[in-house]
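In what follows, every chain begins at residue 1, and chains take the letters A, B, ... in the order their sequences are listed.
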Amino acid sequence: MIKELPKAYEPSKYEDGIYKKWEKSGFFNPDNLDLPKNAPSYTIILPPPNITDKLHLGHSSMLAIEDLLIRYHRMKGFRTLWLPGTDHAAIATQNVVEKKLLKEEGKTRQDLGREKFLEKVLEFVKITQSVILRQTRKMGASLDWSREAFTLDKPREEAVKKMFIDMYEAGVIYRGERIVNWCPRCHSTLADDEVEYKDQQAKLYTFKYSKDFPFTIATTRPETKLGDTAVAVNPKDKRYKKYIGKVYEVDFVGIKLKLKIIADRHVEMDFGTGALGVTPAHSMADWQMAEANGLEIIKVIGEDGKINNNFKKYSGKTVEEAREMIVKELRKNNLLEKEEEIENNLSICYRCNTPIEPLPSKQWFVSVDKKLKRLGGETQKHKNTKTQKHKLDIEGKTLKEAAIEAVKSGKIKFIPDRFEKRYIDWMENLHDWCISRQIWFGHRIPVWHRTRKHENTKTQKHENTKTRKHKNTKTQKHEIEEIYVGIEPPKGEGWVQDPDSLDTWFSSGMWTFSTLGWPDNFKNGKKKGDLSRFHPTQVLETGYDILTLWVSRMIMMSLFALREIPFENVYLHGMVLDEHGKKMSKSKGNGIDPVDMIDKFGADAARLSLLIGNTPGNDLRLSEEKIAGFRNLVNKIWNVSRYVISDFRFQTPPSSADRGWVSDFRFNQKNLTVSDKWILGKMENLIKETGDDLDNYRFSQAGERLREFTWNDFADWYLEVSKFEKNKEKGKILSVILNDLLKLWHPFIPFVTEKIWEEMGNDKFLMIEKWPVTPHPQPLPHSCCRGRGEIDFELIKDVITAIRNARAENKIEPARKIKAVIYGGKSADLIKSQEYLIKNMRTGIKELEIKEKADKIKNRRSPLREAAAGQRMWHCLVPKDAIHIAVAGIEIYLIGAVDEEKEKIRIKKERENLEKLIIMAEKKLSNKEFVEKAPEKIVKQEKEKLKLRKEELKKLTK
RNA sequence: GGGCGCAUAGCUCAGCUGGCUAGAGCGCUUCGUUUACACCGAAGAUGUCCUGGGUUCGAAUCCUAGUGCGCCCACCA
């Protein structure tokens with residue numbers, strides 16, 4: 001069969017068509033795979049990309065790694081599911097749309113109103129979503145599109161509501177007033193990890209509240225001091241000890257303050273004056289002190305970023321204005337002692353860079369410290385809970401404790417493992433998670449409120465509803481606020497739904513199970529359907545940057561909802577950086593569009609550039625040159641295949657999905673040449689080692705191994721040999737090697753391998769072929785394909801390389817044919833038998849003379865005996881102008897062209913090198929401790945090495 | 001302030017549990033119109049493995065101190 005294929009592989013010509021065929025085949029869906037009933041499942045849920053923007057190379061890296069794992073396991077016979085989806089990214093998306101709206105129409109979201117605005121968002125989402133999905137397909141991702149999910153679609157909405165209600169009933173979700181990070185521009189709270197920091201110059205004011213107050217205080221924010229209710233000092237501070245516990249009333253710039261002197265170990269004695277004005281309402285730390293000391297909380301700044309009422313002339317002023325006024329006032333009264341410039345860490349909003357105001361606000365929280373009881377209404381007796389490796393009993397533990405235990409117990413593993421420590425550290429310091437956001441786009445909180453006059457209130461019981469009453473202490477003493485939590489709006493008058501929506505991580509935290517049919521697939525503590533078949537998942541593969549943001553939440557939520565870990569392994573990849581080492585991100589706009597890369601170099605090359613040279617947890621620098629290099633590799637594979645397929649000896653292997661390696665091609669050992677044995681042995685090793693690498697997440701190493709074999713062993717040597725070495729088994733061997741090589745490559749570069757597979761005449765997809773297995777699970781001793789064949793061919797290779805090298809070094813013209821005389825040592829027979837290899841492999845040798853072994857001559861008591869022993873005779877027998885090469889204990893003399901001077905220099909260099917090595921080795925061996933303490937094997941090796949080198953040196957000196 | 005990571009060829013990086021003369025890709029030099037491939041082939045050059053100390057018969061690898069870069073966390077008023 002002779003196939004005419006284009007010389008260069010053109011990815012853009014085939015890729016889209018191949019993807020369509022795959023998708024149409026239905027094999028991305030595990031339900032369509034032809035598998036035994038008890039086939040183990042292998043699941044990865046795709047971390048859903050934010051629909052704020054199209055994908056960048058970071059996403060491509062994620063897709064490449066996951067598709068590699070997925071395709072590998074699919075070929076290994078797992079029930080393999082890779083489930084796609086997208087994330088609505090609540091606040092981020094809303095911001096993008098708001099900015100767009102302002103730019104294009106000059107309107108704010110308030111101008112449009114909630115409903116109209118949400119329509120706009122959904123319009124935007126539709127567009128980016130379709131771009132994302134197209135990009136994902138371009139990468140070759142073998143995702144099961146039939147199970148596609150969106151964090152904001154109907155099933156997920158149901159799941160989120162159910163989760164909220166369950167957690168509320170369990171007392172894990174509560175509403176409370178706490179200091180939150182408030183962005184006055186976004187008009188919303190931010191989670192702790194949504195806050196960014198910026199170094200800035202700030203003024204530190206040292207002042208006294210009033211003349212008769214004994215403390216001097218330092219602050220960068222004088223305006224918040226209007227709400228101070230205490231002064232804190234370090235309990236060890238001798239200067240202030242006597243004041244602790246006292247209460248002072250002061251007149252601070254016209255406002256009356258009651259200040260209690262408290263002790264707190266967090267106060268640094270050396271900073272400022274060692275005394276700290278406590279502003280409970282506008283500092284996280286101060287809030288905690290206030291709670292600990294029962295201090296009053298006075299709100300100074302409102303949600304609009306302005307000073308509240310009750311502060312006389314300061315009311316209604318902005319923060320900046322108030323600050324200026326207060327400083328002026330202090331200065332006037334001679335209370336300002338110092339003004340200095342300091343470096344300060346300013347918290348800003350990660351979306352709009354507006355400085356954050358810490359404010360007390362009523363928000364919804366997930367408690368991480370609440371001891372958990374049994375899930376509401378469900379029987380919780382699983383007898384084998386403890387024996388199941390995925391289950392974790394959470395009764396009597398807090399979410400925090402459970403999430404830590406899941407990792408410490410080894411149920412969840414991290415790759416690389418150093419992130420385990422980071423996870424646990426973070427977990428141990430975790431505070432309650434604020435889940436309400438004052439934005440419109442997202443899951444609406446399933447809570448309704450109504451306020452009633454006290455006297456009217458009769459305890460109203462709804463069936464199946466969860467009603468709690470909260471007394472609103474301060475402002476409305478006569479009113480009672482009712483709260484209703486449920487899936488459907490409550491009946492009755494006056495209910496208003498909570499305007500807030502949920503933190504986006506609340507819905508993505510449920511991602512492993514909300515995508516698999518929870519809660520419908522989970523009844524009475526039992527899983528069914530997809531949930532039982534695919535949960536927990538095997539690997540969560542994501543960037544280390546969202547380890548805390550996402551991974552930790554998934555663990556907590558899965559433990560809460562299912563009492564089961566969400567995944568067994570967490571593989572964390574690094575960031576993809578540009579060639580200057582800068583992070584690519586949407587917000588910075590320096591992300592390279594993966595589609596451009598794919599158009600230029602092909603998806604396969606793009607994938608390789610993200611897989612090879614990348615190690616878990618480490619960042620990756622990417623440049624066009626690098627991708628071009630892999631384009632060349634893909635092209636090499638294409639051409640190797642083109643050659644093999646067009647070879648008249650080529651046979652299409654019998655098509656059967658479960659064919660194992662070589663099993664259909666029994667080779668007659670007698671018909672195999674040295675090179676055949678060598679390549680078959682190498683291939684067998686390759687299969688074993690590649691599988692081993694992939695099983696241990698060493699993708700880069702596996703890729704390099706494959707490249708090494710494909711390019712250096714198969715293409716550069718075996719194929720070259722096959723051009724002139726004609727034997728019976730050649731066609732079969734070529735077919736087998738190509739066959740298995742394509743399978744091994746397929747998870748890395750699915751497109752080109754699938755295309756070649758088709759060209760080979762296969763009627764089934766390579767994608768669902770069985771991963772190769774080696775005929776010998778254990779390495780065989782010398783008898784079979786490995787062993788002697790391998791070693792022998794390596795020797796011939798060395799001889800050939802040495803001859804080429806000598807020719808190049810001595811500048812022998814390529815056209816010039818020369819004669820080689822080889823003194824074979826122990827290997828004379830072998831070399832003689834492979835003479836044709838040496839002659840044909842571009843050595844320019846037209847005649848090859850092999851002399852007998854020296855010891856044979858010795859034993860024959862020939863007159864030459866003595867000379868032979870010292871190998872002097874070769875120098876006698878060979879013309880003086882011969883070039884001498886020593887390789888692997890073999891002497892080679894090239895006759896025909898010489899440069900005596902160069903040869904002398906070469907020998908001198910080599911001798912010096914050898915002498916150095918011998919001295920080193922002798923030193924080592926004369927060391928008693930080495931001989932006694934080092935393992936025998938190493939000592940023996942060292943001795944042998946020394947012996948060989950000494951012999952070589954001897955030869956050279958002659 | 002605490003924690004983590006990195007430092008190896010001109011560049012980007014491998015180097016697992018200490019043990020052949022420390023490797024790969026790209027780049028560089030020389031040569032080559034060989035019927036799979038110039039997105040190619042052949043040959044070659046290049047290292048104080050960041051620095052100092054220690055453990056060991058033996059350290060790029062383990063320990064320790066330091067320097068430089070990067071990242072994460074934290075309530076410096």
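A donor-acceptor contact under 3.5 Å links the side chain of Lys723(A) to the base of rA36(B). In this model, no side-chain donor or acceptor of Glu720(A) finds a partner on the base of rA42(B) within 3.5 Å. Not a single donor-acceptor pair, N or O on each side, falls under 3.5 Å between the base of rC4(B) and the side chain of Arg418(A).
Between Val327(A) and Leu336(A), the closest side-chain pair of non-hydrogen atoms falls below 4.5 Å.
Checking Tyr544(A) against Asp619(A) by side-chain atom types alone, a donor-acceptor pair falls below 3.5 Å. There is no side-chain donor-acceptor pair under 3.5 Å between Thr801(A) and Asp798(A).
Remark: the separation of the C1' atoms in rU46(B) and rC37(B) is 29 Å, to the nearest Å. rU30(B) and rA45(B): their P atoms are spaced 15 Å apart (whole Å). One P atom belongs to rU33(B), the other to rA42(B), and the distance between them is 15 Å to the nearest Å. Only the P atoms considered, rG2(B) is 31 Å distant from rU12(B), to the nearest whole Å. Using atom C1' as the reference point in both rG25(B) and rC20(B), the two lie 24 Å apart (nearest Å). Taking atom C1' on both rG44(B) and rA65(B), the two are 42 Å apart, rounded to the nearest angstrom. rC50(B) and rA9(B): their P atoms are spaced 8 Å apart (whole Å). Between the C1' atoms of rC28(B) and rC11(B), the separation comes to 12 Å (whole Å).
rG32(B) is paired with rC40(B) under the criterion used here, namely a Watson-Crick or G-U wobble arrangement in which both key atom distances are under 3.5 Å. Under the Watson-Crick or G-U wobble criterion, with both distances below 3.5 Å, rG1(B) is paired with rC73(B). Pairing of rC16(B), defined by two Watson-Crick or G-U wobble distances under 3.5 Å, is not identified with any nucleotide. Shown here, rU46(B) forms no base pair; nothing in the strands shown gives a Watson-Crick or G-U wobble contact with both key distances under 3.5 Å. Pairing partner, rG68(B): rC6(B), with both Watson-Crick or wobble hydrogen-bond distances short of 3.5 Å.
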Contacts under 3.5 Å, N or O only, protein and nucleotides 13-20 of chain B:
from: rA14(B); atom 1: OP1; to: Thr615(A); atom 2: OG1; distance (Å): 2.8
from: rC20(B); atom 1: O3'; to: Lys945(A); atom 2: NZ; distance (Å): 3.2

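The side chain of Val640(A) lies closest to rA36(B), out of rA43(B), rA36(B), rA77(B). Comparing rC39(B), rU30(B), rG41(B) by their nearest atom to the side chain of Lys636(A) picks out rG41(B). The side chain of Trp426(A) lies closest to rC73(B) when the candidates are rA36(B), rA77(B), rC73(B). The side chain of Ala8(A) approaches rC39(B) more closely than any other nucleotide in the set rG32(B), rC39(B), rG41(B). Candidate nucleotides rC40(B), rC37(B), rC31(B) were compared by shortest atom distance to the side chain of Pro814(A), and rC31(B) ranks first.
Toward the 5' end of RNA chain B, the nearer of the two residues Lys7(A) and Ile800(A), judged by each one's closest nucleotide, is Lys7(A).
When rounded to the nearest whole Å, the span between NZ of Lys811(A) and C1' of rG32(B) equals 13 Å. In this structure, Asp425(A) places its CG atom 12 Å from P of rG5(B), rounding to the nearest Å. Leu547(A) places its CG atom 12 Å from the C1' atom of rC73(B), with the value rounded to the nearest Å. For Arg705(A) and rA24(B), the CZ to P distance is 15 Å, given to the nearest whole Å. Atoms CG (Leu719(A)) and P (rC37(B)) sit 12 Å apart, rounded to a whole Å. Rounding to whole angstrom units, CE of residue Met920(A) and P of rU21(B) are separated by 6 Å. Atom CH2 in Trp711(A) sits roughly 10 Å away from atom P in rA42(B) (whole-Å rounding). Rounded to whole Å, atom C1' of rC37(B) lies 10 Å from atom CG of Asn632(A).
At the heavy-atom level, Arg707(A) lies under 4.0 Å from the strands shown only through sugar-phosphate atoms. Across all strands, Asn696(A) comes closer than 4.0 Å to no nucleic acid atom at all (heavy-atom distances). Note on Ala232(A): nothing from the nucleic acid sits closer than 4.0 angstrom, heavy atoms only. Using a 4.0 Å heavy-atom cutoff across all strands shown, Thr279(A) reaches no nucleic acid atom at all. Using a 4.0 Å heavy-atom distance criterion, Lys916(A) is classed as making no nucleic acid contact. Looking at heavy-atom distances under 4.0 Å, Ala285(A) makes contact with a base. Using a 4.0 Å heavy-atom cutoff across all strands shown, Thr220(A) reaches sugar-phosphate atoms only and no base atom.
For the pair Arg698(A) and Asp692(A), the salt-bridge criterion is met [side-chain N within less than 4.0 Å of a carboxylate O].
Taking the centre and axis of the six-membered ring of Tyr205(A), the NZ or CZ atom of Lys225(A) falls outside the cone set by 45° and 6.0 Å. In this structure, Arg178(A) is not positioned above the aromatic face of Trp287(A) in the sense of NZ or CZ being under 6.0 Å from the six-membered ring centre and within 45° of the axis.
When ring centroids are compared, Tyr240(A) and Phe215(A) come within the 6.0 Å threshold. Centroid-to-centroid, the aromatic rings of Tyr209(A) and Phe252(A) come within less than 6.0 Å. Ring-centre distance between Tyr14(A) and Tyr9(A): below the 6.0 Å cut-off.
Screening Leu547(A), Thr548(A), Val551(A) for a side-chain contact (heavy atoms from CB on, under 4.5 Å) with Trp426(A), the sole residue that qualifies is Thr548(A).
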If you look only at distance, which donor and acceptor atoms sit under 3.5 Å apart when one is on a side chain in residues 918-925 of chain A and the other is two or more places apart or in another chain?
from: Glu922(A); atom 1: OE2; to: Lys950(A); atom 2: NZ; distance (Å): 3.1

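Of the side-chain N and O atoms in Arg804(A), one or more sit less than 4.0 angstrom from OP1 or OP2 of rA43(B). Within the structure, a side-chain polar atom (N or O) of Asn805(A) is placed less than 4.0 Å from OP1 or OP2 of rG44(B).
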